[in-house]
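Notes for the one structure printed next.
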Amino acid sequence: MIDPKLLRTDVQAVAAKLARRGFEFDTSAFSDLESTRKAVQQQTEALRKARNDSAKSIGQAKARGEDIAPLLEAQKNAGAELAECEAKLTSVSEQLEALLMGLPNLLADDVPDGAAEEDNVEVRRVGEPRQFDFEPLDHVDIGEALGSLDTQAASRVSGARFAVLRGPLAQLHRALTQFMLDQHTREHGYTEVYVPYIVQADALRGTGQLPKFAEDQFRIADDERDFYLIPTAEVPVTNLVRDQVLSADELPLRFVAHTPCFRSEAGSYGRDTRGLIRQHQFDKVELVHIVPPADSMAALETLTAHAEAILQALALPYRVVTLCAGDTGFSAQKTYDLEVWLPGQQTYREISSCSVCGDFQARRMAARWRPSADDKPQLVHTLNGSGVAVGRALVAVLENYQQADGSVTVPEVLRTYLGGQSTLSAD
RNA sequence: GGAGAGAUGGCUGAGUGGUCGAAAGCGCUCCCCUGCUAAGGGAGUAUGGGUUAAUAGCCCAUCGAGGGUUCGAAUCCCUCUCUCUCCGCCA
């Protein structure tokens, strides 16, 4: 959530910044609502004070043993007006809240202009795409040749956009996950956390998926319960600091979690229908930082470097792009995408997205810290990034390490996780 | 699933329908005293919001959450959530 005080003091500046995203902010609607809120709140509080004062004097009169009947009589109708005002205040506050919750974060100043994906700016390329002396296949063909990727079985069980991995690919998938977790915990100093995969709406509101992106979520609701499957570990992990006041020596917090992620992919019909690229369920190793405000921009570089380290260790060629204004996500101030080279598709595809959110999520979930014992609680800054998406890493390994005979070389760093195997091949 | 107990400020823990935003203790901060990391004395110490130049005052709200009764609710009533104990079941 954008700082309401900033909106009150300089709504035009906010509108101008939001316009960079292509977001049209109706400033007059906001200002009208806000001034109504102010008037109604002041009226309500004045009425409450009057009620409190008179209740207090009734109490005092009674304590002195005086007759309070006339005082009670005078109070008789005071409640109605207050109740009316309170109802109006509630209604106005809810409208204002809804409006605020629907506003995306303000972009960092150095985010490049642009409307969509093609306007993203490449920051650097790392690694050289391999030269093949044969026509490289895409991961679906490789996986099926290995007898390890079975989309038909998945569709029998669960329908489209699911996959079943067998044998070598299931193991490679597990090896990748293990490797990433080990790298982040042992080399990068992260605390591994295991978190719920099912959360309540408040958690999703905290990180920004709700209320605006309800159609992207998988919801589990019946008469008694209402849950959502997590679309990313960012949700349960970032919400670990919900309603907390952390002390300065607890920061920064760096969490890593491996979880499945569930996305409805509503609105992506017909897109990436082949293979593992876009699934309803996929695994991801997620990095989350909780930092003092002054450190958040530097932390984005650090976090991104940690994600890159995974691709470097796997010797996968990739590039880093800064998302342009129009492509940057709702909660982010600034985002770097890591795009891995996929020889089978002759293109770079997103495999990680690293974002700094400033105090946007922290304000939504009241995540705070106290710089020193004398200070008032202040909002922390939050960051998250994939380190990295496991399914897409699997795709990248298959396509980059494929051999002419249909086998797949196992990247060095994964071999210890596969019992020393150096090659995956069909039995 | 059955039975019971509980939810109060950083922590422990009192609390009566009215001067309770809340005793006391601990912790913490500052000051005083003390010749030495002890003891003692004093003051302060929740969060959010409004107003404001103000992290000064003043005002409103908050004693798990939401409703209700009342002139007035931490205190009474209802619903819900969570925690703990015992039994059952279970990976």
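To find a chain, count down the sequence lines: A is the first, B the second, and so on, and within it residues start at 1. Note that the structure is a prediction, hence the values are computed from the model and not measured.
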**Prompt:** Between B:C58 and B:A39, how far is it from one C1' atom to the other, in whole Å?
**Reply:** 42 Å
**Request:** Just name whichever nucleotide pairs with B:G44, Watson-Crick or G-U, keeping both distances under 3.5 Å, else none.
**Result:** B:C28
**Complete:** Residues passing the side-chain hydrogen bond (donor to acceptor under 3.5 Å, both in side chains) test with A:Asp226, sequence neighbours excluded, are A:Arg219
**Item:** Pairing partner of B:A23 (Watson-Crick or G-U wobble, both distances under 3.5 Å)
**Value:** none
**Item:** From A:Asp109, A:Asp119, A:Asp113, residue fulfilling salt bridge (Lys or Arg N to Asp or Glu O under 4.0 Å) relative to A:Arg20
**Value:** A:Asp113
**Atom C1', compared across B:U69 and B:G88: separation rounded to whole Å** = 40 Å
**Asked** When you compare B:A7 with B:C80, how far apart are their C1' atoms, in angstrom units rounded to a whole number?
**Response** 14 Å
**Message:** For B:U52, give the paired nucleotide (Watson-Crick: N1-N3 plus N6-O4 or O6-N4; G-U: N1-O2 and O6-N3; both under 3.5 Å), or none.
**Reply:** none
**Identity of whatever pairs with B:G9 - Watson-Crick or G-U, under 3.5 angstrom** = none
**Message:** Quick test of your reading: applying ring pair (Phe, Tyr, Trp, His ring centres under 6.0 Å), list the pairs with at least one residue in residues 350-393 of chain A, sequence neighbours left out, ordered by first then second residue.
**Reply:** A:Phe330-A:Phe360
**Request:** Would you kindly compare A:Ser54 and A:Lys62 by the position of their nearest RNA chain B nucleotide and give the one closer to the 5′ end?
**Result:** A:Lys62
**Message:** Distance check, P atoms only: B:A22 and B:C63, in whole angstrom units.
**Reply:** 14 Å
**Request:** Taking atom P in both B:C20 and B:A73, compute the distance separating them and give it to the nearest angstrom.
**Result:** 16 Å
**Asked** Ion pair present between A:Arg174 and A:Asp283, side-chain N to carboxylate O less than 4.0 angstrom?
**Response** no
**Prompt:** By side-chain hydrogen bond (donor to acceptor under 3.5 Å, both in side chains), which residues pair with A:Glu34, not counting sequence neighbours?
**Reply:** A:Arg8, A:Arg37
**Message:** Between B:G25 and B:G9, how far apart are the two C1' atoms, rounded to whole Å?
**Reply:** 14 Å
**Asked** For A:His280, which residues count as a side-chain hydrogen bond (donor to acceptor under 3.5 Å, both in side chains) partner, sequence neighbours excluded?
**Response** none
**Fill in**
Paired to B:U34 by Watson-Crick or G-U wobble criteria (both distances under 3.5 Å) is none
**Message:** For a quick check, with a 4.0 angstrom heavy-atom cut-off, what is the B/S/- contact string for nucleotides 47-63 of chain B, read 5' to 3'?
**Reply:** SSBSS-------BBS--
**Message:** Counting only Watson-Crick pairs (N1-N3 plus N6-O4 or O6-N4) and G-U wobbles (N1-O2, O6-N3), all under 3.5 Å, who is the partner of B:C84?
**Reply:** B:G4
**Prompt:** Watson-Crick or G-U wobble partner for B:A91, using a 3.5 Å limit on both distances?
**Reply:** none
**Item:** Gap in Å between the two P atoms, one belonging to B:U45 and one to B:C59, rounded
**Value:** 16 Å
**Prompt:** Is B:U69 paired to anything, Watson-Crick or G-U wobble with both distances less than 3.5 Å, and if yes, which nucleotide?
**Reply:** none
**Message:** Can you list everything that forms a side-chain hydrogen bond (donor to acceptor under 3.5 Å, both in side chains) with A:Gln402? Sequence neighbours excluded, please.
**Reply:** none
**Prompt:** How far does the C1' atom of B:C90 sit from the matching atom of B:G6, given to the nearest Å?
**Reply:** 27 Å
